[in-house]
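A short worksheet on the structure shown next.
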2 protein chains.
Amino acid sequence: MNIGEIAKRAGASRSTVSYVLSGKRAVSEETRRRILAVIEELDYRPNAAARALKEGRTRTLGLVIPPASQRLTDMQLGFVASVVEAAARADLDVLLSPSGGDHERSFERVVTGRRVDGVILMEIRMEDDRVSRLRQTSLPFVTIGRTADPHDMWWVDVDYTTLISRCVHHLADLGHRHLAFINRSAELVAAGYGPGHRALAGFRQAVTERGLTGVDVCCPDEPSAGETCLEQLRAAHPEVTAVATINEAALPGIQRGLQHAGLAVPRDFSVAGVAARHWAEDFRPPLTAADVPTLDMGEEAVRLLLERIATPEAPPRHVLHAPPISLRASTGPVPPALR
Amino acid sequence: MNIGEIAKRAGASRSTVSYVLSGKRAVSEETRRRILAVIEELDYRPNAAARALKEGRTRTLGLVIPPASQRLTDMQLGFVASVVEAAARADLDVLLSPSGGDHERSFERVVTGRRVDGVILMEIRMEDDRVSRLRQTSLPFVTIGRTADPHDMWWVDVDYTTLISRCVHHLADLGHRHLAFINRSAELVAAGYGPGHRALAGFRQAVTERGLTGVDVCCPDEPSAGETCLEQLRAAHPEVTAVATINEAALPGIQRGLQHAGLAVPRDFSVAGVAARHWAEDFRPPLTAADVPTLDMGEEAVRLLLERIATPEAPPRHVLHAPPISLRASTGPVPPALR
DNA sequence: TTGTAAGCGTTATCAT
DNA sequence: ATGATAACGCTTACAA
């Protein structure tokens, strides 16, 4: 079924059918109705490949995700979901490309096969090969997260430095003197994962500013790891009375570890961090945390990308989020006995 | 950068370049090398739209997911991940289409715009509009899950009836006489969600076979809901000593509810179910459960789809999984006092 | 208000 | 062993 067939049955030319579809030229009400009737009857829809070939654009966005084999965190999933939704609202399709594993071919296809009009990149490293690769091309792209040197780039990100710093100050205000920071996995941090580095910097700086002691540890992004991590932390640093974390996947384990150690939250021990909202709310007691606005961010990434596609020469834009800390129930004054 | 440019620079014709790329015609070693050198130098890759238009296939698979706004369960995420990986291994791209919400347009684009060579559908209802729609077209598709009448369809699914039945028998063998079944959300079940119906049927049948009493409840797919669900269950049916469930998202809440009620697992109360493996392993104590092989299933769905695409007239195929129950630590004999 | 025709970048058929 | 050329189905500039 193609446009010629529609034209024939409606007794019109192919161009007229095309113009009815696009509305880019006036068509008499009469023929318009005839054509629409045929289109309806045959359930015709233009061939996407032909249209893409002619127009030079695909009406498709690429979304590069971490290799799916390693489970996506809830936050990542939130980004994917909101990007897909926002794209759908703009009548755009989303092509998924797992990258990082042994899927270079997939990434290359998307980047260089002109399969998409633009790309959204997630899980950005401080030095990121995919970003470098994309910069060599003329393909518009936006990152969720940013590299070490993000100037003249388009991105949306969360200001982990500020957020973790705020957590530290909040805990310090409550009288805590000995803090710990639970980071994402050691591999991720070693690979130059931005949030890991920036959050750590914020932690160290704030700890220094307030004259506290601070210890930082990495922890695999899994519930069970959170438990052992907390145990080891307690063993090595019994003086610690509060932790800040950006590792939402480890949260359930941290919770279990605390419970196991017979520590009531927030009476005996405080926890604060950065997490997707429902993770914070599912913590017991609900977690005092900066809620990462994944929904807004995915949407913004799409909006930025569309802008960049529309005006390739436009000056780079970016959005840095520093959502306020939502005070919930997991932080409280340091136990008097431990002051 | 197009094939003509390559041809010009290599001093050959476009067809020869094309044949070098496809290997469908012998090309002298000499010209072959020259052409490959130019391709390498310019980092040329054929335009996907042009190729799709000419070949009549897109080298792209469609994956229809539940509207991303409602958070994906871990099992769904597992399917998405394994489908994407399997497709990438076959050098196929994956186009994501959220459906169900107000995203009919996205689904229609994928189905009828010939944007994909085939479609994988998830979250199948007993009566499923999208399946009906797809059957009207000639687009090959495979479902993960199956409709009420799945004959002459291509699908992979989990045999929830059998698995929940096995859970019941296992619990009965341990002496439990009063069981409960915690289903997925009421809306999902009301909408005809297959696993909900089939698991419930299996539960009822097995309970009858063993002469037990069984109560079944629906529970929203969220941790917090699991907690209240368990509380209400305990209040209304204090005689119940074990539950079976397919609601993995509610598991953390069920766990908390048990703890809250002062019930030790498995000493005072047993829990069994069907879940993705790591959910079972993250339960405390680890959950006795049939582990849904999401990884295999996504891969199979892709394999089936490719078969169907290759030979549209082939007889329908399907795979029904009934993985064994992995005995972990959440089930035990009924407390003697309650026998 | 409508139709004709060129051309997007491939692949594959038919010549040579 | 290689080249010219006709499609694939669409959009749009140009004619009428």
Side-chain angles (χ1 to χ4, degrees), chain A residues 1-39 42-60 91 93 109 111-117 138-139, chain B residues 1-39 42-60 91 93 109 111-117 138-139:
Chain A
M1 189 48 42
N2 62 33
I3 199 171
E5 184 67 22
I6 304 293
K8 195 191 302 174
R9 300 209 190 197
S13 73
R14 299 193 333 229
S15 51
T16 302
V17 176
S18 177
Y19 284 121
V20 164
L21 250 18
S22 70
K24 290 186 182 174
R25 183 165 94 173
V27 175
S28 75
E29 194 49 34
E30 159 78 30
T31 31
R32 209 182 96 85
R33 259 206 310 274
R34 240 181 23 246
I35 290 175
L36 284 178
V38 177
I39 287 178
L42 302 190
D43 195 22
Y44 163 78
R45 213 112 6 181
N47 178 305
R51 172 182 282 193
L53 179 56
K54 178 62 186 163
E55 291 190 324
R57 64 183 184 128
T58 59
R59 298 164 189 261
T60 304
D91 278 327
D93 288 315
R109 263 203 313 276
V111 168
T112 186
R114 275 146 301 177
R115 293 182 76 17
V116 298
D117 297 334
S138 59
L139 193 60
Chain B
M1 190 49 41
N2 60 32
I3 202 172
E5 184 67 22
I6 304 294
K8 196 190 302 173
R9 301 211 190 197
S13 72
R14 293 182 335 209
S15 43
T16 303
V17 176
S18 177
Y19 284 119
V20 165
L21 250 19
S22 70
K24 291 185 181 172
R25 181 164 97 174
V27 175
S28 76
E29 192 50 32
E30 159 78 28
T31 34
R32 210 183 95 84
R33 259 206 310 274
R34 236 177 30 241
I35 289 174
L36 284 178
V38 177
I39 287 177
L42 300 191
D43 195 23
Y44 163 78
R45 214 115 4 180
N47 179 304
R51 172 181 281 194
L53 178 57
K54 181 63 185 150
E55 291 191 322
R57 65 185 183 125
T58 60
R59 298 165 189 262
T60 304
D91 278 329
D93 288 316
R109 264 202 313 276
V111 168
T112 187
R114 275 147 300 177
R115 294 184 74 19
V116 298
D117 297 333
S138 60
L139 192 62

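Note on naming: letters A, B, ... go to the chains in the order of the sequence lines (proteins, then strands), and numbering restarts at 1 for each one.
At a threshold of 4.0 angstrom between heavy atoms, the contacts of B/G11 are confined to the sugar-phosphate backbone, with no base atom among them. Note on A/A12: only backbone sugar-phosphate atoms sit closer than 4.0 angstrom, heavy atoms only; bases stay farther off.
In this structure, the side chains of B/L21 and B/Y44 come closer than 4.5 Å at one or more pairs of heavy atoms. Taking the side chain as every heavy atom from C-beta outward, A/R57 and A/R51 never approach each other to under 4.5 Å. Contact of the B/V116 side chain with the B/L139 side chain is registered, since non-hydrogen atoms from C-beta on lie closer than 4.5 Å. Looking at A/S18 and A/I3, their side chains come closer than 4.5 Å, going by heavy atoms from C-beta outward.
Contacts between residues 28-35 of chain B and DNA chain C, defined by a heavy-atom separation under 4.0 Å, are absent. Of all the residues in residues 13-24 of chain A, A/R14, A/S15, A/S18, A/Y19, A/K24 reach under 4.0 Å from DNA chain D with at least one non-hydrogen atom.
For the pair A/R25 CZ and C/dG3 P, the computed distance is 8 Å after rounding to whole Å. As rounded to whole Å, 10 Å separates atom C1' of C/dA5 from atom NZ of A/K54. Rounded to an integer number of Å, the gap from B/N2 CG to C/dT11 C1' is 14 Å.
Between B/A50 and B/A26, the residue anchored closer to the 5' end of DNA chain D is B/A26, taking for each the nucleotide with the nearest heavy atom.
In this model, a donor atom of one side chain and an acceptor atom of the other lie less than 3.5 Å apart for B/T60 and A/R115.
For DNA chain D, the span of nucleotides reached by chain B at under 4.0 Å from its heavy atoms goes, 5' to 3', from D/dA1 to D/dG9.
Contact check on A/R109 versus B/D93 returns a salt bridge, with a Lys/Arg side-chain nitrogen under 4.0 Å from an Asp/Glu carboxylate oxygen.
With sequence neighbours left out, A/R34 forms a salt bridge (charged side-chain N to carboxylate O under 4.0 Å, His left out) with A/E30. For A/E29, the salt bridge (charged side-chain N to carboxylate O under 4.0 Å, His left out) partners at least two apart in sequence or on another chain are A/R32, A/R33.
Taken from CG in A/D117 to CD in A/E55, the straight-line distance is 9.5 Å, to the nearest 0.5 Å.
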Using residues 6-14 of chain A as the side-chain source, report each donor-acceptor pair under 3.5 Å to any protein atom, sequence neighbours left out, with the distance given to one decimal.
residue, atom, partner, partner atom, Å
A/R9, NE, A/E5, OE2, 3.0
A/R9, NH2, A/E5, OE2, 3.2
A/S13, OG, A/S15, OG, 3.0
A/S13, OG, A/T16, N, 3.3
A/S13, OG, A/T16, OG1, 3.1

CA sep, side-chain torsions, deciding dist, call: A/M1, A/R45, side-chain contact (heavy atoms from CB on, under 4.5 Å): CA-CA 8 Å; A/M1 189 48 42; A/R45 213 112 6 181; over 6 Å; no
